[in-house]
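What follows is a short report on a single structure.
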Amino acid sequence: MQRLRTTVARLRPITATQTVKSQSQARPMAVGGALRTFEPLRSYTTSVSAEPFLNGTSSNYVEEMYYAWLENPRSVHKSWDIFFRNANAGVSPGSAYQSPPPLGGAALELANAQAMVEAQPNMEKLVEDHLAVQSLVRAYQVRGHHIAKLDPLDIGKCAPASSRCSGPPSSDIITSSDKLGFYGLDESDLDKVFRLPTTTFIGGSESVLPLREIISRLEMAYCQSIGVEFMFINDLEQCQWIRQKFERPGVMQFTLEEKRTLLTRMVRSTKFEEFLQRKWSSEKRFGLEGCESLIPALKTIIDKSSMNGVESIIMGMPHRGRLNVLANVIHKELDQIFCQFDSNLEAADEGSGDVKYHLGMWHRRINRVTDRNITLSLMANPSHLEAVDPVVQGKTKAEQFYCGDTEGKRVMSILLHGDAAFAGQGVVYETFHLSDLPSYTTHGTVHVVVNNQVGFTTDPRVARSSSYPTDVAKVVNAPIFHVNADDPEAVMYVCNVAAEWRATFHKDVVVDLVCYRRNGHNEMDEPLFTQPLMYKQIKKQKGVLQKYSEKLLAEGAVSRQDYEEEIAKYDKICEEAHARSKDEKILHIKHWLDSPWPGFFNVDGQPKSMTSRSTGLPEEELVHIGYIASSVPVEDFTIHRGLSRILKGRATMVGQRVCDWALGEYMAFGSLLKEGTHIRLSGQDVERGTFSHRHHVLHDQKIDRRICIPMNHISPNQAPYTVCNSSLSEYGVLGFELGFAMASPNALVLWEAQFGDFHNTAQCIIDQFICPGQAKWVRQNGIVLLLPHGMEGMGPEHSSARPERFLQMCNEDPDTYPVSVCEFAVRQLYDCNWIIVNCSTPANYFHVLRRQILQAFRKPLIVITPKSLLRHPEAKSSFDDMLPGTHFQRLIPDSGPVCENPEAVKRIVFCTGKVYYELTRERNNRGNDDTVAIARIEQLSPFPFDQVKVETDRYPNADLVWCQEEHKNQGYYDYVKPRLRTTVDRTRPVWYAGRGPAAAPATGNKAAHLVELQRFLDTAFNLDAFTEQS
Ligand SMILES: Cc1ncc(C[n+]2csc(CCOP(=O)(O)OP(=O)(O)O)c2C)c(N)n1
Ligand SMILES: [Mg+2]
């Protein structure tokens, strides 16, 4: 009863003469900062308390209905609609209830209801007014950001797309009293007092306010320098959290100390750019002018996160303001930054190095605000905008993993974006989609957009179709805080809220700093060519530091003398650092390392060993891992019958001391895990394996989501194994795994493409990071790419991993036979930019995976992996090839009859991968296994010159043929041919047996495929095939 009385009491608007205070006393106060419960007001003042039909249980139900009615009067039965209206109008006990209209058809029902409502004209107006106020509040919450004063230039470019093209947005929000009519209200209602709905906090401790005040407070909350976009979030608690952060009266108040700190940060941000401009006026630096508030913004996020327990922050950012962030956020020594401007300095490190606005940095320091240690790293990145996003996430995930931070409380990431790139680059979307996946989440990223309303020379009106550059974040329900960057206090406020949001909900959040770009795209560019009106306005625009300092001076928060001293102090710091920078004689790129690996190298940064260790394993270990691979190591777990057969097959293989491809992989993973190396295998459908050969995750056939990963049952002290099916992305996921591999050298991180050809949607990660990463940024990376490849007559797609592309990017000289040195093979690996292998046996695959970890340095490994060989009866390896003392074989020589009389051998066919089995079958059919030798080059890069030479010397009378199943302009031919010729010092020609040149990787016609195959096999074994050409 009491509850109903309450609800009904809340319906009734009170007159302005009733004091606001007396009403508010009954309302529980919101607890500052903490999540409050949203209890309805209890005031027990209505005469409806005597309603005879209500009791304890029914009143709950009625209350529910009441709330539904408040939202929408049509959502309840008409009789309840009338009841609530009558009760509100204060009719006497027992009379508010009207029996339901008879079931005489909808028309009659409606007519009755109409009549009843019309009998209470005042009541209807009251209800409508109340609902109008509710709608009004909601309109501000949903669309207040449309009319917030976000654009420092006030030229409307940052507004939603629709309005950007055709004047100001049409809005249902009250910006002047003439819009009152939209809600059925008028001027006379402005002084009426209304009870506030539970979905707003504008009242603070007040539960009722005059309409005029309601509007004014909503304007304060939603239409000033901050535009909050959050009403799309489908979580009530999160919406309420945001509402209270922006609606509570007085939320935007700062202490004197906070204002002074903010001013100091603005001074540093502004004066840093001015200093660079003064000293190097003709150098590109992609300055921050127009968005100087970025520095206090980032520092605020870092301070707040440190306060909440974060110890390490990994950041990714584009060119704009990067030097400023390095100097004033990460605290890179200024002299180190300044000497990057000296073009005469000699580079100390090998490799290409990179321009100053791409370099990364790692720094541990004390956070001055919290007095706690914080590690900040800014990842090096290529020019390719947004490409670093998934890499940052991967590295963050890895750091969380290594420190056992399962909830992201100690390690987090911050990503910075430009407005054009954030909207335009698809990898942003791919990265957002990783944000809530169990094996990829970093438990919330704070995104900061430097929204200068232009991308190079392109106007946002032609650069995106979405309202804001930030709309992509809505897919993951991330709140978006747009803020006018010329209001540093508002910026600081939203950054605090963003950091708190991340700490509270562990979800992504976006801060959109709406600003401008004072100069052209770089300092040398003329922006008036393309943005004449915008730049006329910009030229008139007062700098944000000037505006903010004037405000604080006027408030008396700071004295002119203090302000000027602060400027002089920073200027002195810069000048002194500049003087010091002149003492530098050499540029060290390694000073810009973003991911150090403490203890992995010796003190000079060199590998601790340059010898090649055996990668074999004792027999009992192979048997033990083989046993795990063929069993279900948990009780009462029902697996699929087909899988039982597969496991049984594995057990048989173990009994016979052989491995197929999947078992070879199992042996490599299992042993590394046992030795303490974490393994992470990620990609589409990797858990089972695209070709249903792997089965690393078993699924209970009776219980939903019950799984078993036998690889995690190998030994009690083993390292954990992570195997995860990824989202259907290559760019994002490969970038993520690359970042994961960056965090530590003591993990084997593998990404498998569904089919090798799909890697090209991640081409940017391959071209910009994996291939040249060490050369540009002196950091190594041991990521492994598994790329299924092979011409199986399945058509142009799914056939080629495009080995030619990887081979073309190797840094090795094809025309120079390498100098023979001790541990030649290791030296070659150390010098290469990446390793490319195409193994023909499970044993060799096993060895190359183990070598990846056992060698004392890290290089990316590209493995061209097979498809039909996964089940090929001959593609099996004996345990003998995996025992202690065995190694990865860079080249597998022919061990058949050819060895008996090598002088009689007429031809050596060099090949790689699966075609070896087609060649041996053909040779057997033809019976010429004493005249044609077949040598398998298993490691294509670095090229095994030494071992190839042994083969060419062994068969002095043989001609040389390169045989491949790929088309002539694809595959390995262009890569191998000059190397073979160099090996024989150009004394013998190198012939080609393979498919002719083609645009597509393979034919779509199975019959044509087989004809092509037979044709090139004929060529390979026809000893007269090349006589005319020689
Ligand atoms: C993937 C990619 N495409 C094109 C470019 C060339 N480019 C460099 S900066 C830039 C404009 C970026 O605009 P925005 O993201 O708004 O950043 P701003 O420079 O305005 O800070 C472009 C197109 C690039 N670096 N990366
Ligand atoms: Mg821009």
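Numbering starts at 1 and runs along the sequence shown. Remember, it's 1-based here, ligands and their atoms both numbered in the order they're listed. All values below were derived from every heavy atom in this structure, side-chain atoms included, with hydrogens, water molecules and symmetry-related copies excluded. Since we're looking at a predicted model, the values are computed, not measured.
When each of Asp151, Ile155, Asp486 is tested with Tyr516 by the rule side-chain contact (heavy atoms from CB on, under 4.5 Å), just one qualifies, namely Asp486.
Ion pair Arg802/Asp757 not flagged as a salt bridge, since none of the NZ, NE, NH1 or NH2 atoms sits closer than 4.0 Å to an Asp/Glu carboxylate oxygen. Comment: Lys284 does not engage Asp525 in a salt bridge, judged by the lack of any side-chain N to carboxylate O separation of less than 4.0 angstrom. Ionic pairing of Glu274 and Lys271 is present here: one or more N-O contacts between side-chain nitrogen and carboxylate oxygen are shorter than 4.0 angstrom.
Figure legend: Lys397 and Phe740 shown without cation-pi pairing, the cationic atom not lying both under 6.0 angstrom from the six-membered ring centre and within 45 degrees of its axis.
Considering backbone and side-chain N/O atoms, His384 never comes within less than 3.5 Å of an N/O atom of ligand 1. For ligand 1, the polar-atom distance check finds no N/O of Phe422 at less than 3.5 Å from any of the ligand's N/O atoms.
Protein heavy atom closest to atom 23 (C) of ligand 1, with residue, atom name and distance, is Phe456 CD1, 4.1 Å. Nearest to atom 17 (O) of ligand 1 among the protein's heavy atoms is Gly418 CA, 3.7 Å. Closest to atom 9 (S) of ligand 1 among all protein heavy atoms lies His521 CE1, 3.1 Å. Closest to atom 21 (O) of ligand 1 among all protein heavy atoms lies Arg320 NE, 2.9 Å. The protein atom (non-hydrogen) at minimum distance from atom 13 (O) of ligand 1 is Gly455 CA, 3.3 Å. The protein heavy atom nearest to atom 26 (N) of ligand 1 is Leu385 N, 3.1 Å. Counting only heavy atoms of the protein, atom 15 (O) of ligand 1 lies nearest to Ala421 N, 2.9 Å. For atom 16 (O) of ligand 1, the nearest protein heavy atom (residue, atom name, distance) is Asp419 OD1, 2.5 Å.
Residues Trp834 and Ile836 come closest through the heavy atom pair NE1-CD1, 3.8 Å. Listed here is the closest heavy atom pair of Asp594 and Met379: OD2-CA, 3.3 Å.
Interface atoms of ligand 1 facing Ser383, defined by a heavy-atom separation under 4.0 Å, are 24 (C), 25 (N), 26 (N). Atoms of ligand 1 found under 4.0 Å from any heavy atom of Asn452, numbered from 1 in the order shown, are 18 (P), 20 (O), 21 (O). Against a heavy-atom cut-off of under 4.0 Å, Ala420 is close to the following atoms of ligand 1: 13 (O), 14 (P), 15 (O), 16 (O).
Nearest N/O/S atom of Asp419 with respect to the Mg ion (ligand 2) is recorded as OD1.
Side chains of Arg518 and Gln541: a donor-acceptor N/O pair is absent below 3.5 angstrom, by distance only. For the residue pair Asp335 and His578, no side-chain donor N or O sits within less than 3.5 Å of a side-chain acceptor on the partner. For Arg517 and Tyr535, the side-chain atoms include at least one donor-acceptor pair closer than 3.5 Å. Checked by atom type, the side-chain pair Ser269/Glu292 shows no donor-acceptor distance below 3.5 Å.
Counting heavy atoms under 4.0 Å from ligand 1, residue Thr458 does not touch it at all.
Note on ligand 1: His417 sits outside its first shell, no heavy atom being nearer than 4.0 Å. Look at Arg517 and you'll find every heavy atom at least 4.0 Å from all atoms of ligand 1. Within the structure, the closest approach of Gln425 to ligand 1 falls below 4.0 Å when heavy atoms are considered.
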- side chain to side chain donor-acceptor pair (under 3.5 Å) between His417 and Glu386: does it pass, once the steps are laid out? CA-CA 7 Å; His417 312 269; Glu386 307 290 347; 2.7 Å; yes

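Put simply, atom 4 (C) of ligand 1 has no protein non-hydrogen atoms near it, under 4.0 Å away.
Angle subtended at the Mg ion (ligand 2) by Asn452 OD1 and Val454 O: 80°, rounded to 10 degrees.
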